[in-house]
Amino acid sequence: MSGLTETYYGKKIDTANILNIDDAAKKTNNKKTVVITGVTGQDGSLMADYLLKETDYIIFGGVRRLSVYNHDNIKHINSDRFHLINFDLTDSHSIARTVEALKPDYFINFAAQSFVASSWDFARQTWQTNSTAVLDILEAIRLYKPTCRLYQAGSSEEFGNVLYSPQDENHPLRPRSPYGASKAAARQLIKVYRESYNLYAIQGWLFNHEGVRRGEEFVTRKITKKVASICRAIQKNEPFKPLELGNIDAKRDWSDAEDFVDGVWRMLNQDTFNPAYSGTPKEYVFSSCETHTIREFVIQAFNVCGLTGLWDNASGKLENEKYYVLINNNPILVVQINPAFYRPAEVDLLLGDSTLAQKELGWRRRTTFEQLVEKMVQHDLA
Ligand code: NAP
Ligand code: G4F
């Protein structure tokens with residue numbers, strides 16, 4: 001532990017606050033402990049907030065070493081029950097030592113190479129991070145803390161080239177990307193270890209979930225950030241470049257990530273003694289049960305700024321599609337297509353059926369599609 005405060009691009013990471021695993025082990029205080037990997041990301045940071053509010057457990061958030069500041073999503077946390085630990089999924093020793101030393105009651109694995117588009121560029125790294133590391137986590141739990149409850153962040157991308165809609169827990173796994181394949185492989189490993197060693201190891205098929213902590217390369221946040229900057233430019237009569245998107249016809253089932261961390265915790269706390277479970281925890285789909293195109297998201301985002309518009313395409317070809325908003329009855333170009341954002345293979349449609357999670361876990365989504373877009377645009381306008 002260095003104890004130094006290092007400065008990167010004007011922002012600070014207090015390295016004294018990132019514990020090595022032996023120092024972290026002294027902080028458990030005989031209380032229940034939860035390891036959250038990927039705590040700097042959207043879901044990990046929201047889960048930390050949720051557990052600090054809803055439980056009195058000690059939370060260890062796994063962070064990997066980066067040369068740039070990436071703690072924006074957790075910098076607000078000020079609790080003596082929250083500790084950062086050095087953790088890297090690509091290092092099996094790091095995984096094993098974490099489980100061996102902390103002997104956590106819960107291990108929530110949100111860390112991943114989570115950007116589908118990059119998974120073609122870094123297929124092996126995606127596999128290493130999203131599949132091999134899950135095997136390492138399962139082995140560590142089997143060896144050092146077999147009663148630990150493991151949640152693995154599964155994905156609707158595992159359904160991929162879907163056979164029917166809406167997709168439920170029985171839909172076959174038909175991934176379309178190295179990312180989807182890596183999550184499907186992780187799911188199979190989880191199932192095998194659960195059945196072989198009677199571990200409480202599960203994944204959830206979570207459909208897309210978004211919010212103000214969403215990474216800026218994902219399409220929703222890319223849209224809301226750019227829409228906010230275009231709206232500001234229009235208000236000030238300043239020049240701007242249009243937003244560039246790829247396949248705007250793709251359909252996604254979007255929810256608020258805050259609703260999903262509650263679902264994950266419910267999945268981790270199933271009453272497996274209840275006869276409905278036959279002693280084994282179940283895996284569930286979490287979704288909004290609605291699907292929308294990227295086009296609809298764009299329209300809705302500009303509406304939040306009070307701008308209405310229309311998609312225009314005289315040629316009928318997707319790459320010529322353009323979106324104009326009307327300012328004083330003049331059409332102003334705000335969105336155009338850049339084929340560089342097309343993917344080698346696309347998941348055209350995702351629409352989830354979360355009936356089972358609602359019925360058996362009592363889970364409910366609180367935020368509608370319209371409220372989600374409003375929340376994200378308003379945040380990016382502020
Ligand atoms: P995210 O914001 O991209 O966060 C990913 C996290 O993983 C970051 O904290 C990242 O750390 C960490 N990470 C990446 N590689 C790592 C490594 N080698 N060692 C340790 N940490 C590493 O993703 P998210 O949206 O919160 O998603 C959380 C999980 O749910 C992911 O597994 C994702 O695949 C899955 N999922 C997400 C959705 C969704 O719609 N959001 C849907 C289904 C499934 P850095 O900050 O250092 O990069
Ligand atoms: O926002 P996206 O990059 O998310 P994607 O690929 O659906 O993956 C997200 O959801 C999965 C769950 O289904 C998670 F497992 C995964 O970790 C991640 O959180 O893209 C959504 C759609 C795609 O069809 C994409 O082709 O938007 C389309 N799109 C169109 N233009 C674009 C763009 N996506 C991005 N990122 N950037 C564009 O310019």
Side-chain angles (χ1 to χ4, degrees), residues 36-47 61-74 85-91 94-95 98 108-119 122 125-126 128-130 132-134 151-160 167 175-177 179-180 182-183 186 203-211 213-223 226 243-257 260-261 264 286-287 292-295 297-298 318 335 337-350 352:
I36 303 175
T37 71
V39 79
T40 52
Q42 172 185 259
D43 293 5
S45 61
L46 289 172
M47 183 53 95
V63 291
R64 61 175 166 164
R65 159 147 172 81
L66 287 187
S67 56
V68 290
Y69 176 87
N70 69 331
H71 291 195
D72 269 344
N73 285 339
I74 48 172
I85 53 169
N86 272 314
F87 179 87
D88 197 313
L89 274 183
T90 58
D91 183 337
S94 165
I95 294 170
T98 299
I108 303 178
N109 185 36
F110 279 134
Q113 192 302 91
S114 66
F115 190 43
V116 174
S118 288
S119 74
F122 308 111
Q125 189 254 8
T126 301
Q128 165 92 20
T129 310
N130 297 3
T132 310
V134 175
Y151 176 76
Q152 157 63 15
S155 167
S156 46
E157 276 284 312
E158 294 170 46
F159 299 138
Q167 295 86 49
R176 294 273 285 162
S177 62
Y179 171 88
S182 73
K183 289 286 184 179
Q203 64 127 43
W205 286 285
L206 270 52
F207 282 64
N208 298 49
H209 45 281
E210 319 292 317
R213 296 187 194 173
R214 186 57 145 155
E216 293 177 18
E217 71 273 50
F218 297 95
V219 76
T220 56
R221 194 73 197 286
K222 180 176 170 181
I223 293 170
K226 185 70 181 174
L243 166 64
E244 293 192 338
L245 293 172
N247 179 11
I248 52 172
D249 289 326
K251 290 182 169 173
R252 287 293 181 274
D253 178 329
W254 283 298
S255 295
D256 188 324
F260 276 16
V261 292
V264 166
F286 283 80
S287 69
H292 299 273
T293 58
I294 316 299
R295 280 171 203 276
F297 197 102
V298 167
L318 178 61
V335 185
I337 304 301
N338 183 344
F341 295 111
Y342 293 167
R343 296 174 179 184
E346 179 63 277
V347 171
D348 296 318
L349 163 69
L350 287 173

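In listed order, ligands and their atoms are each counted from 1.
Residue, atom and distance of the protein heavy atom nearest to atom 20 (O) of ligand 2 are Arg343 NH2, 3.4 Å. For atom 10 (O) of ligand 2, the nearest protein heavy atom (residue, atom name, distance) is Asn208 ND2, 3.1 Å. The shortest contact between atom 26 (O) of ligand 2 and any protein heavy atom is with Glu346 OE2, 2.6 Å. Nearest protein neighbour of atom 38 (C) of ligand 2, counting heavy atoms only, is Lys222 NZ, 3.7 Å. Counting only heavy atoms of the protein, atom 23 (C) of ligand 2 lies nearest to Arg252 NH2, 3.5 Å. Scanning all protein heavy atoms for the shortest distance to atom 33 (C) of ligand 2 gives Val219 CG2, 3.5 Å. In terms of protein heavy-atom proximity, atom 44 (C) of ligand 1 is closest to Gly154 O, 3.2 Å. Shortest contact from atom 36 (N) of ligand 2 to any protein heavy atom: Glu217 O, 2.9 Å. Ranking protein heavy atoms by distance to atom 28 (C) of ligand 2, first place goes to Asn247 O, 3.9 Å.
Nearest-heavy-atom check against atom 38 (C) of ligand 1 across Glu217, His209, Lys183, Arg214 picks out His209. Evaluated by nearest non-hydrogen atom to atom 31 (N) of ligand 2, the leading choice among Gly246, Ala257, Ser156 is Gly246. Selection from Gly38, Ser155, Gly211 by nearest heavy atom to atom 6 (C) of ligand 1 gives Gly38. Closest to atom 1 (P) of ligand 1 by heavy atom, among Ser255, Ser156, Ser114, Gly215, is Ser114.
The environment of Lys251 atom NZ is sparse: at most 12 non-hydrogen atoms of other residues, nucleotides or ligands sit within 6.0 angstrom.
Below 3.5 Å of separation, one finds an N or O of Leu89 facing an N or O of ligand 1. By the 3.5 Å distance cut-off applied to N or O atoms, Tyr179 is counted among the residues near ligand 1. Considering backbone and side-chain atoms together, Leu206 places no N or O closer than 3.5 Å to any N or O of ligand 1. Close N/O approach between Gly41 and ligand 1 is found [any backbone or side-chain N/O within under 3.5 Å]. Distances between N or O atoms of Ala112 and those of ligand 1 include at least one value under 3.5 Å.
Side-chain contact between Leu89 and Asn109 is present, with at least one heavy-atom pair separated by less than 4.5 Å. Using a 4.5 Å heavy-atom cutoff, the side chains of His292 and Phe297 are not in contact. With contacts defined as side-chain heavy-atom distances shorter than 4.5 Å, the pair Gln113/Ser118 qualifies. Residues Ser156 and Trp205 fail the side-chain proximity criterion, which asks for heavy atoms closer than 4.5 Å. A heavy-atom distance below 4.5 Å is not found between the side chains of Asp253 and Asn208. Side-chain atoms of Val347 and Arg252, non-hydrogen and from C-beta on, do get closer than 4.5 Å to each other. Annotation: side chain of Arg176 is not in contact with side chain of Arg343 (no heavy-atom distance under 4.5 Å).
Ligand 1 is never approached by Thr37 to a heavy-atom distance shorter than 4.0 Å. Using a non-hydrogen distance threshold of 4.0 Å, Phe115 registers as a contact of ligand 2.
Separating the CD1 atom in Ile294 from the CG atom in Leu245 is a distance of 8.0 Å, to the nearest 0.5 Å.
Taking the six-membered ring for Trp and thresholds of 30 and 60 degrees, Phe260 and His209 have ring planes inclined between 30 and 60 degrees apart.
Listed here is the closest heavy atom pair of Val219 and Trp254: CG1-CZ2, 4.1 Å.
Heavy atoms from both the backbone and the side chain of Asp43 come within less than 4.0 Å of ligand 1. With a 4.0 Å heavy-atom cut-off, ligand 2 is reached by the backbone of Leu245 and by its side chain too. Of the heavy atoms in Leu66, only side-chain atoms (C-beta onward) come closer than 4.0 Å to ligand 1. Contacts with ligand 2 closer than 4.0 Å are made by side-chain heavy atoms of Arg214 only, the backbone lying farther away. Only side-chain heavy atoms of Val116 come within less than 4.0 Å of ligand 2; its backbone N, CA, C and O stay farther off. Only the side chain of Arg64 comes within 4.0 Å of ligand 1, counting heavy atoms alone; its backbone N, CA, C and O stay farther away. Contact annotation: for Tyr179 versus ligand 2, heavy atoms closer than 4.0 Å belong to the side chain alone.
Per-residue contacts place Phe341 under 4.0 angstrom from the following atoms of ligand 2 (heavy atoms of the residue considered): 39 (O).
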